[in-house]
Q: 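My questions will all concern the structure given below.
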Amino acid sequence: MGEMSKIQLGVIGALFLSVASSVSIVICNKALMSNLGFPFATTLTSWHLMVTFCTLHVAQRFNLFEAKPVDMKTVMLFGILNGVSIGFLNLSLGFNSIGFYQMTKLAIIPFTVMLETIFLKKQFSRKIKLSLFFLLVGVGIASITDLQLNFVGTILSLLAIITTCVGQILTNTIQKKLNVTSTQLLYQSAPFQAAILFVSGPFVDQMLTKQNVFAYKYSPIVLTFIIMSCVIAVSVNFSTFLVIGKTSPVTYQVLGHLKTCLVLGFGYTLLHDPFTERNIVGILVAVFGMGLYSYFCTQESKKKLLVDPPLSSQVKDKDNSPVLNGNQEKEGHESKKLSKDSLV
């Protein structure tokens, strides 16, 4: 029971870091893009990933974690796929209305459930599906304001959904199959994600904003916010990989919608964004759905541990593998969505 409590505390810590860092970066990026007029989201994401890699490289040099070699082809394709998914999400936001973009984000959960059911033979109980239904309805009520459709935007949204779902499923699968920690996988894949966005980012941003990132005049306050955004992004990317590795892609998406509700709340209280009764009702329904999802997942996990003790032992061994903790690492936190919450 002591080991189980440590595992649960580790998961709770990972979830808390993911929520706190993601909400912080959304507020920081909103100030940077909306108030200071720096609209280059895709290029900013490439800087986030480069800073993340540099930070992990320094940590590895100081023996804070052990770099574990992974098949280069697998890591390269995985990194490129994640980089491409971020680009498609940003393009989807640029070519669609905010409402349709929110629908794109909502579609990621059912699409992930479908892919895991078909290809990984994973079973989702009716209770889990019901809780996800309440969650999606609540977030939809709270965040969707309009549904303007266009052909290009729809295609980009479909590509964003597919690449994001596959990338997040692979994040979970690779960590388990290759027995690597979230830190090790992020360290290996971040350079490839950064490279694909560093090359494509300026073109994507110019297509969306009609401005050149290299011609932008960087004031001291803009540079300060860019640095803050990059620093926070290290935690966001780190916690994304950790949460997906410790839980599942679906749980990470549920967490992402909690971030959406928190961002709406913070936007109202700190940035004085418009807030209506519809937002309040939607957030309450979404929180209810999240509560049900957490409760049902906990109950099913307990039943699984009672029925299959050997699997419990495997989980303990996996979670006790080294990551970030001096001589003996503790698993850190996992990456972007990369949704607008995480243009990271």
Q: With a 4.5 Å cut-off on side-chain heavy atoms, are T173 and L120 touching?
A: yes
Q: Let me check something: do V234 and V231 share a hydrophobic cluster, defined by ILVMFWY side-chain heavy atoms less than 4.5 Å apart, either directly or through other members?
A: no
Q: Give the cluster check for I196 versus V199: same hydrophobic cluster or not, with ILVMFWY residues linked at side-chain heavy-atom distances below 4.5 Å.
A: no
Q: State yes or no: are the ring centers of F78 and F192 separated by less than 6.0 Å?
A: no
Q: Show the nearest heavy-atom pair for residues A41 and N90, with the distance to one decimal.
A: C-ND2, 4.0 Å
Q: What I'd like to find out is whether the side chain of P249 reaches to under 4.5 Å of the side chain of T171, using heavy atoms alone.
A: no
Q: Can the ring centroids of F40 and F38 be said to lie less than 6.0 angstrom from one another?
A: yes
Q: For the residue pair Q253 and Q168, establish whether any side-chain heavy-atom pair is separated by less than 4.5 Å.
A: yes
Q: Verify the neighbour count for atom CD1 of I221: are there more than 12 heavy atoms of other residues, nucleotides or ligands below 6.0 Å?
A: no
Q: For G201 and T42, which heavy atoms make the closest approach, and how far apart are they?
A: CA-CG2, 3.6 Å
Q: Sort and list the pairs that fulfil ring-ring contact (aromatic ring centres under 6.0 Å, His included) and have at least one residue in residues 113-142, not counting sequence neighbours.
A: F134-F288
Q: If you compare all heavy atoms of S46 against all heavy atoms of T43, which two are closest, and at what distance to 0.1 Å?
A: OG-O, 2.6 Å
Q: Below 4.5 Å, heavy atoms only, C-beta onward: do F88 and I161 meet side chain to side chain?
A: no
Q: Would I141 and V139 show up in the same hydrophobic cluster when neighbours are defined by side-chain heavy atoms closer than 4.5 Å?
A: no
Q: Got N29 and H48 here, is their nearest side-chain heavy-atom distance under 4.5 Å?
A: yes
Q: Any heavy-atom pair between the side chains of L185 and V70 that's under 4.5 Å?
A: no
Q: Nearest heavy-atom pair of S182 and Q175: which atoms, and what distance?
A: N-OE1, 3.3 Å
Q: Are Y216 and Y218 close enough that their ring centers fall under 6.0 Å?
A: yes
Q: Less than 3.5 Å apart, any donor N or O on the side chain of S21 or S235 sitting next to an acceptor on the other?
A: no
Q: Can a donor-acceptor pair be found, under 3.5 Å and without considering hydrogens, that links the side chain of K68 to the backbone of N179?
A: yes
Q: Quick one: do the T52 and Y187 side chains pair a donor with an acceptor below 3.5 Å?
A: no
Q: Within a reach of under 6.0 Å around CZ of F198, are more than 12 heavy atoms found that belong to other residues, nucleotides or ligands?
A: no
Q: Of all the heavy-atom pairs spanning S229 and I25, show the shortest one and how long it is.
A: O-CD1, 3.5 Å
Q: Tell me, do Y252 and S18 make a side-chain contact under 4.5 Å, heavy atoms counted?
A: yes
Q: Using the rule that two of Ile, Leu, Val, Met, Phe, Trp, Tyr join whenever any of their side-chain heavy atoms come within less than 4.5 Å, decide whether L292 and I109 are in one cluster.
A: yes
Q: Of the non-hydrogen atoms in V204 and L91, which two are nearest, and what is the gap between them?
A: CG1-CD2, 3.6 Å
Q: I'd like to know if M207 and I155 are part of one continuous hydrophobic network [Ile/Leu/Val/Met/Phe/Trp/Tyr, side-chain heavy atoms within less than 4.5 Å].
A: yes
Q: With distance as the sole test, does Q206 use its side chain to make a donor-acceptor pair with the main-chain N or O of F203 at under 3.5 Å?
A: no
Q: Are the side chains of W47 and I226 in touch, meaning some heavy atoms are under 4.5 Å apart?
A: yes
